[in-house]
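First comes the structure, then the notes that go with it.
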Number of protein chains: 2
Amino acid sequence: MASVQASLRLIRLPFFRQNYGPRGLLRVDFFTPKPVGQTARHMSDVPPKSTNSGRSGWGKSSVWAPKTRLFIGIPFIGLLIYSMVTDDKPERLDGPSMAEKDALTKRESGITDQSPMRLRMEEFIKQHQKQIVAELEKIDGKPFHIDTWDRPQGGGGISCVLQEGNVFEKAGVNTSVVYGRLPRPAILKMRADHKALDPDVDSLPFFAAGLSLVLHPSNPMAPTVHLNYRYFETADEAGNTNAWWYGGGSDLTPSYLFDEDAIHFHNTIKTACDKHDKSYYPRFKKWCDEYFSNKHRGESRGIGGIFFDDLDNTEKDQEQLFAFVQDCLSAFLPSYIPIIKRRKDMPFTKKEKQWQQIRRGRYVEFNLVHDRGTAFGLNTPGSRVESILMSLPLTARWQYMHSPEKGSREERLVDVLKNPREWV
Amino acid sequence: MASVQASLRLIRLPFFRQNYGPRGLLRVDFFTPKPVGQTARHMSDVPPKSTNSGRSGWGKSSVWAPKTRLFIGIPFIGLLIYSMVTDDKPERLDGPSMAEKDALTKRESGITDQSPMRLRMEEFIKQHQKQIVAELEKIDGKPFHIDTWDRPQGGGGISCVLQEGNVFEKAGVNTSVVYGRLPRPAILKMRADHKALDPDVDSLPFFAAGLSLVLHPSNPMAPTVHLNYRYFETADEAGNTNAWWYGGGSDLTPSYLFDEDAIHFHNTIKTACDKHDKSYYPRFKKWCDEYFSNKHRGESRGIGGIFFDDLDNTEKDQEQLFAFVQDCLSAFLPSYIPIIKRRKDMPFTKKEKQWQQIRRGRYVEFNLVHDRGTAFGLNTPGSRVESILMSLPLTARWQYMHSPEKGSREERLVDVLKNPREWV
C-alpha cells in the first residue's frame, strides 16, 4: 500500500460534532472550476450530461449564469465543506484513485446493482434532482437556471436555482459529488462513530454525494421546505470501501399552519420510514425537532419532519439503508407537491405577507446563528458565500416586539413551534 | 472584609476574548422588572425621572409599550450580558453595597465633579440620550417610545425605540446601568488586561454603564449609523474602585456612498479624538475596520469610524479618558445630523431601495454571524432576544448571485468596503 503524503490544509472545526455533514471532517478544498463540462441551461430542455447545443435557455440566457459556473452545492453544506477552499492538485498515487476507478467503471460497464454504492448513490440523486426540478418547473411555469461543474480531483455537481418565479420566491435544488482525502485529525474524530476507520494512517480517500434543496414559495399560505440526503464513505489506498454512512432529512416551515398539510407531510415521510423500521420515524422526527430549533427563541424553525446522521452498518446493512434513503427521497415530491398545489394561489392579505416576512427572519436566524454547517462555511476563509447563503429567503423582516394577536392563526403557529406536536 | 458567597450562574463563553463588552465576563442575570419606576412615554414630553402624569403619549399610548416594560438595553450588548438572565436576589453584605452608597450619594449631595466616576458616567449618558432622542424626534417628526426599568440589585435603564417613522425605519437609543458581581473565572480572564483586579477573591462587585444606538433610515441614500460608549469598573467590598476601563465607538454604514458624508463623519470623530491624543483616531479607526468586518465576504460592514476597548490607566488617567469619551459621544450629533438632513428626502428608485435591502442583508449577516456579543446573547438561555436583535434592520434581502453593474455606484461602494479607505 502506497504511503501517501496528503497536501491538506487543516481547518479547526470546534463544534462539528453534531454537524450537518460528516462529523469532524476537517478538509476544505478550493474548487477550481473546469471550463469543460460547465454549462448553464434549463433542465427541462436537456439532460445534465449533454453539452451546450445553442438551444434557447442555454448558456448566456441568464444574466447571472456565467457567475454560477462554480460550485454551488449548498444548502448541501456537509459536502460543501470539503469542496470549497483548497488549491491542491489532483493527487498522483501509485495506483489509480477511487475517482479514476469509478470513472472507468462508469465508462466500461455503466451503473448496475452490482456497482459500488458510490456510483449508485450518485446516479440516484441525479435522477431525482432531474425529476424534482422538472416537477417544480411545471408548478412554477418558470425554468430553473442550471449550472454543472466538475472537480479536477474527481466529482462535480449540478446546481439548479429559480429566483422570483411565479410560485417560488427562491428555490435551489443541488447535487454534489466529491472525491477527496480525509486528514488524520478528521479520521480520529470520526472513529467515535465509525470504528471501521483505520486510526493509523495519515489520511484516507473519501467520497461524498448528496442532494439538497430549499424552496421558499411566495404565497404566505405555502410552506418553505428543506431536504438533504447524503452518502459518505472512506476507502483504503486500493480503493476498497472502509467506513460508510448515510445522513439527511426533510422538514417543513409554514408561516400559516394548515393541520392537513402538516399531517400529510409527516404521514408521507412516516410511511417511507415505516417500510424499513418502525422506530425510524419517531427517532428521526425527534432528532429533527431538536436540531432545527431556534433555541434563543425557544421555538422550532418549522413543524419538523425527519433528520438523521451516521447511519451505518451498526444500524442496518448498506442495501437496507440505501433502500431507506431512496424511499425517503422518493417521498419528497408526494410529501410536498399536494401542499404547494393547494396553497400557491390562495388569497392573502398584506398583513399575512408581513407575517411571512417575520417568519422568514426566523429562518435567517436559524441558518445564520444555529446551523453549524452555515457557520462553519462562513467562517472558512475563501468559502463560496453565495452557495452557503442560497438557503436564505429572498426577503425577511425584523419587527421590534412583534407579537401575534391573542387567538390568531399567527399565535397558534407560534404555540406549535414552541411545543412540537405529533402529527401522525 | 466580609467573605461573600456569590449565588452566580456561570456561563461558558468560549470566544469572549475580543468581545464587545468587558472581556470574559461570565455573569448573566435575569432582569426582574420592578413595577415602580417603569413608564412608557415620549422623551420629548417629560424627563426620564418623572413619574406618569397622564399626559398624552404616556402609558397605554403604544400598543407594544406594556411588553417593553422590561430590560431592552441592546444593542448595548456588553451590558446586556450582565443583566438578562439571573434570578439572584439583592445581596446582603456586611456594609452597604456600591449601589446603596451611590443611591445615598445621589440623594444627599447630587452629582458633581467630585462624585465617583460611575455616577458621572451615568449622568452623562442619560443627558446625552435625552439630547439625541430629542434631536432625532425633531428630524423624524414621530416620537420615540420610551421605557424605563429598574434593577432590584441596583441600576436600570432607559430604552427609546422608533419603528416605521417618517425618516427612520428602525431606531433604538438605549442606556443601561448595571450593578452586579463578577465571578472568579471572569476576574481571572479580565486580569490579562487589567492587572489591578484582585485574583484572590471569589467574586468582586462591578458596575457598568453605557449608551448605545442603531439608526436605520428609510431612504437608501441615508446611511445606517451605530454607536456605543461604555464604562466599566470593579470595586472591593468596601466599595472602593479597583479596576476600571472605557470602551466604545461609532461607525457609518451607507448603501450609497457620498464621499462628503464619509469625510464629514470621520472628520468630526477625528477632531474629537485629536483633542486628546493624535494617535487615537488612526489606532481606533483601524480597530473599527478590523472589528466590523464581514470576513466571509471580505468586505467591511460599512465605511467605519472608530472602535476601542479596555482603555484604562495604562492608557491615560481616568479624567482624561472620561473627557475623551465625553467628546466622542458629544461628537455624535454633529457627525450624523448633517448627513441625515441632506439624505433623508433625496429621490430614489425602486432599484436603489432594493440595493439598500441587499446591504441590510449584509448588516444582518455581520450581526448574526460575526458580532460576538449578539452570538453570545442569543446562545445564552433566557436572554431577551428582542433586545439583542433590536439592532437588525426592519427588512433585508438575499438575492442569489446579485452583483453590482460595472462602473455603477453600487460597485464603487463594494470596492470601498473591500478596501477600507482613509477619509481624512
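So you know, we letter chains A, B, ... as the sequences are listed, proteins then strands, and number each from 1. Hydrogens, waters and symmetry mates are skipped; everything else that's a heavy atom, side chains included, is used.
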### Query
Mind checking whether His296(A) and His370(A) have parallel, tilted or perpendicular rings, split at 30° and 60°?
parallel

### Query
Measuring heavy-atom distances to chain A, does Glu169(B) have an atom under 4.5 Å in its side chain, in its backbone, in both, or in neither?
neither

### Query
When you measure from the side chain of Asn174(B) to the backbone N and O of Leu213(B), does any donor-acceptor pair fall under 3.5 Å?
no

### Message
What part of Gln399(B) gets within 4.5 angstrom of chain A, counting heavy atoms only: side chain, backbone, both, or neither?
### Response
both

### Donor on one side chain, acceptor on other, Lys353(A) and Gln356(A), under 3.5 Å
yes

### Message
Between Glu164(B) and Lys142(B), does any NZ, NE, NH1 or NH2 come within less than 4.0 Å of an OD or OE carboxylate oxygen?
### Response
no

### Message
As an exercise: rank Gln357(B), Lys295(B), Glu365(B) by heavy-atom pairs under 4.5 Å with chain A and give me the winner.
### Response
Glu365(B)

